[in-house]
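Numbered from 1 within each chain, the chains take letters A, B, ... in sequence-line order.
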Amino acid sequence: MYNINKDLANIFKKMAAIYEFLDDRFRAMAYQRAAHIIEDLPDDVRNYIATGKLYMIRGIGSSIASKIEEYVKTGKIQKYEELKKKVPEDFIELIDLPGFGPKTLKRIYEELGISTKEELVKALKDGRIEQLEGFGPKKVENMLKGLQMYEISKRRIILWEALQISKYLTEKLKKNLKEIHKIEVVGSTRRRKETIGDLDILVTADDKDRLKIMDFFTSLEEVSEVLVKGPKKSSVIMKFEGKERQVDLRIFKDEEWGAALQYFTGSKQHNIHLREIAKEKGLKINEYGVFKADTEEKVAGETEESVYKAVGMDWIPPELREDRGEIEAAMEHKLPELVELKDIKGDLHVHSTWSDGVVSIKDIVDFVRKNYRYEYIVITDHSKSQRVAHGLDEERLLEELKEIQLINKMAGLDFVKKGIEVDILLDGSLDLSDEVLSQLDWVVASVHSHFSRDNTDRIIKAMENPYVNAIGHPTGRLIGLREPYPVDMDAVIKAAKETGTALEINAQPRRMDIDEIWIRKAVENGVKLVISTDAHNLGNFAFMEIGVSIARRGWATKKDILNTGSWKEIQKFVNQKRKKFGVRAIK
DNA sequence: GCCGTTTTCGGCCCGACTGTTTTCAGTCG
């Protein structure tokens, strides 16, 4: 389905940039906020208009709401067309560059008559900008650097990569600096967003040790450039595997830890909302603590819990801090008890050497039993359509099932379950017979072809097969590489509920599929989810951690995730569907 | 432009660092 929300969000972001340029800060803020809200909406804005709920969204007032309606009706926003004429086109993009603020750009435009990026670069180099009052050589140098940095700052890294770099850096700092008391990577990494811009590291230490810590940090071998260096905050560019990332380090006192953690974990919208509420209660929150507004008396700040408690809220898990209703829920003590990694009892999507996995079933079992406290895993190799992946036909699948039986027998356990990742063909049928599928414990059905057509019909038809238990990576996206194929996920969620089919949260780092928006919607509709690694090698089993993170961001609790249950409970789910469709149950 | 158990007008998160200043504006997160 065509996504109008994103288009609207982009227009509002541009309007915000223009208002900033026009020195209308607060209007700019309002549009920026509206852009974020619309981007995050679980539903098409047209549905909000149809149900009259558009005006009820906090942050969307009558003016912006009418602009949304105007866009839906005419495909245009008159005000935006007018605004565009007031600002040189290139400047809308330039305002996002590091070192370029609205004031700077405005003066360059007004005093030098420069209106394109090209002219700007020329003026920076030939000294015209340096000669403006209040500008100097350093400022010009930073602006030139900003132009270069733009590409870096635009590229975001995926969560898994950010977590690996985070682990590496925190361990290195801890090991070399005994002066560090506490350390944590904050920002969007701690919130476990699917992609990350900069890395933010927070530490506590005694004041006298700050300099030493900053010296060590800014001279790490990975550092290619020091952007900012002070006693409390430093920013550097680091190179990891050839790719450049900005990393910030901030130092606090132990008694400020909770407030600093809360502050720098964000999100920005969450913090702004939190502060508004604090203000209403006569309190002030900053990164050093919670204070009484009148007397400046400190009332909290050593732990994050104390910060939230001071404003009358329960502690909010970082994954929820996006201002999507978590603050209201925390005030009413109604936050969900989110699923945790330790709740996971098994992996329902694993490939072996029978198709395109690189490890034998036997070795997978040994590894998982040694490293994970799982009660079961399901081997789900590819079916025959996946020729490049050596997909299995009926005959080879039956051979694989014999091997599984043998491995279980030799171990004296019933640890390995029989499954398949069966291809959904163009017409929605499956590329293995029901006869064979009926012998399996668990069937994942996935779309692996025809990514440009609308695949809603195929997926729904597959769910109507009594032996299909989950839809694998339902939207087919690859973060940063491939957009989701067209699919009406509302219809898919509805069909999942009706047929008793689960939706997969595929934990492969580039998939994260379904995403947090659809997870939340599935949860609200009572659809069961499974978190699976889709492992093709032994290292892949670790992806479960980020699969759980994304489920938490979608407000999923333990009961929403099928593989937090014992195998008996999963079998019950499978048999409920078989019963509904009047076919023989498995035992 | 948004919002409201102190408000329909008058606020809007707040502190660190930098560069160009000689006390601070601009930018950033």
Side-chain angles (χ1 to χ4, degrees), chain A residues 12 15-16 18-20 22-37 55-68 77 79-80 83 94-108 129-143 145-146 149 153 186-188 197-202 210 214 218 226-236 246-252 256 259-260 262-291 293 311 323:
Chain A
F12 288 155
M15 289 177 78
I18 295 169
Y19 276 124
E20 236 180 90
L22 298 174
D23 211 13
D24 196 343
R25 270 179 60 213
F26 296 114
R27 248 191 203 86
M29 246 170 64
Y31 275 101
Q32 193 75 49
R33 188 172 170 199
H36 279 129
I37 290 167
Y55 290 83
M56 287 157 67
I57 303 169
R58 222 177 65 96
I60 308 281
S62 58
S63 174
I64 288 184
S66 70
K67 287 186 177 67
I68 293 173
I77 294 174
K79 187 79 193 173
Y80 174 51
L83 281 171
L94 287 169
I95 210 163
D96 287 331
L97 266 61
F100 291 71
K103 299 269 162 40
T104 304
L105 280 172
K106 197 171 181 182
R107 289 198 47 206
I108 290 171
I129 288 176
E130 191 177 327
Q131 277 157 22
L132 291 175
E133 176 132 13
F135 286 57
K138 274 285 192 184
K139 172 108 181 136
V140 168
E141 195 190 319
N142 281 337
M143 289 173 75
K145 220 185 271 173
M149 278 287 298
S153 64
V186 289
S188 47
D198 304 337
L199 286 179
D200 294 303
I201 306 173
L202 217 65
R210 282 178 184 165
M214 287 308 189
T218 52
V226 178
L227 299 172
V228 175
K229 187 181 171 188
K232 293 184 165 184
K233 179 198 167 180
S234 294
S235 284
V236 300
Q246 183 175 327
V247 184
D248 297 349
L249 180 73
R250 288 184 169 81
I251 307 180
F252 286 87
E256 297 159 346
Q262 196 290 317
Y263 186 98
F264 288 106
T265 297
S267 65
K268 194 175 172 180
Q269 296 302 332
H270 173 91
N271 283 359
I272 289 173
H273 194 174
L274 190 71
R275 246 159 262 207
E276 281 169 9
I277 289 167
K279 211 167 177 179
E280 285 163 19
K281 297 184 185 242
L283 297 167
K284 187 184 81 174
I285 305 179
N286 60 26
E287 58 263 59
Y288 303 109
V290 184
F291 303 87
V311 285
D323 197 18

(message) Could you work out, with ring pair (Phe, Tyr, Trp, His ring centres under 6.0 Å) as the rule, every residue matching A/Phe100, not counting sequence neighbours?
(response) none
(request) Indicate, with a heavy-atom threshold strictly under 4.0 Å, whether A/Asn286 touches base, sugar-phosphate, or nothing. (result) sugar-phosphate
(message) Contact between A/Asp23 and A/Lys103 at the side-chain level, heavy atoms closer than 4.5 Å - yes or no?
(response) yes
(message) Classify A/Ser235 by what it touches in the nucleic acid, base, sugar-phosphate, or nothing, heavy-atom distance under 4.0 Å.
(response) nothing
(request) Evaluate the ring planes of A/Tyr31 and A/Tyr19, with Trp represented by its six-membered ring, and classify them as parallel (under 30°), tilted (30 to 60°) or perpendicular (over 60°). (result) parallel
(message) Quick check on the 6.0 Å ring-centre criterion: do A/Phe252 and A/Tyr288 meet it?
(response) yes
(message) Suppose you measure atom P in B/dC17 against the same atom in B/dC12; what distance do you get, rounded to whole Å?
(response) 24 Å
(request) For A/Glu287, answer base if it contacts any base atom (sugar-phosphate contacts may also be present), sugar-phosphate if it contacts only those atoms, and nothing otherwise; contact means non-hydrogen atoms under 4.0 Å. (result) sugar-phosphate
(request) Please measure how far the P atom in B/dA16 lies from the corresponding atom in B/dG11, and state the result in whole Å. (result) 25 Å
(message) Once you apply a heavy-atom cut-off of 4.0 Å, does A/Lys268 come out as touching a base, just sugar-phosphate, or nothing?
(response) base
(message) If the condition is side-chain hydrogen bond (donor to acceptor under 3.5 Å, both in side chains), which residues does A/Asp323 pass it with, not counting sequence neighbours?
(response) A/His273
(message) Say we look at B/dG15 and B/dG1: how far apart would their C1' atoms be, to the nearest angstrom?
(response) 26 Å
(request) Please measure how far the P atom in B/dC3 lies from the corresponding atom in B/dC13, and state the result in whole Å. (result) 13 Å
(request) Only pairs at least two apart or in different chains count here, so list each salt bridge (charged side-chain N to carboxylate O under 4.0 Å, His left out) that has a residue in residues 277-287 of chain A. (result) A/Lys284-A/Glu296
(request) Mind running a 4.0 Å heavy-atom check of residues 133-141 of chain A against DNA chain B and sending the residues that fall below it, in number order? (result) A/Gly134, A/Phe135, A/Gly136, A/Pro137, A/Lys138, A/Lys139
(request) Check every strand shown and say whether A/Lys67 touches a base, only sugar-phosphate, or nothing at a heavy-atom separation below 4.0 Å. (result) sugar-phosphate
(message) On DNA chain B, compare the nucleotides closest to A/Pro102 and A/Ser234; which residue's is nearer the 5' end?
(response) A/Ser234
(request) Describe the nucleic acid contact of A/Phe264 in one word from base, sugar-phosphate, nothing, applying a heavy-atom distance below 4.0 Å. (result) nothing
(message) Using the C1' atom as the point on both nucleotides, what is the distance between B/dT20 and B/dT27, in whole Å?
(response) 14 Å
(message) Please report the interatomic distance CD1(A/Ile37) to CD(A/Gln32), rounded to the nearest 0.5 Å.
(response) 11.0 Å
(request) Sticking with atom C1', work out how far B/dT8 lies from B/dC2, rounded to a whole angstrom. (result) 12 Å
(message) Both A/Gly101 and A/Lys233 contact DNA chain B. Taking the nearest nucleotide for each, which residue is further toward the 5' end?
(response) A/Lys233
(request) Mind checking the OG1-CG spacing from A/Thr104 to A/Leu94? Nearest 0.5 Å is all I need. (result) 11.5 Å
(request) Name the nucleic acid region contacted by A/Asp24, choosing base, sugar-phosphate or nothing; use a 4.0 angstrom heavy-atom cut-off, strictly under. (result) nothing
(message) Rounded to the nearest 0.5 Å, what separates atom NE2 in A/His270 from atom CZ in A/Arg275?
(response) 9.5 Å
(request) Would you indicate what A/Arg33 reaches in the nucleic acid, counting non-hydrogen atoms under 4.0 angstrom: base, sugar-phosphate, or nothing? (result) nothing
(request) Write down the partner of B/dT8 under the Watson-Crick or G-U wobble criteria, each distance required to be under 3.5 Å. (result) none
(message) Is B/dT7 syn or anti, taking syn as a glycosidic angle within 90° of 0?
(response) syn
I'd like a table of donor-acceptor pairs (distance under 3.5 Å, sequence neighbours excluded) in which one partner is a side-chain atom from residues 60-67 of chain A, with atom names and distances.
residue	atom	partner	partner atom	Å
A/Ser63	OG	A/Lys67	NZ	3.0
A/Ser66	OG	A/Ser62	O	3.4
A/Ser66	OG	A/Ser63	O	2.9

(request) Walking along DNA chain B from 5' to 3', note the first and the last nucleotide with an atom under 4.0 Å from a heavy atom of chain A, and give both. (result) B/dG1 to B/dG29
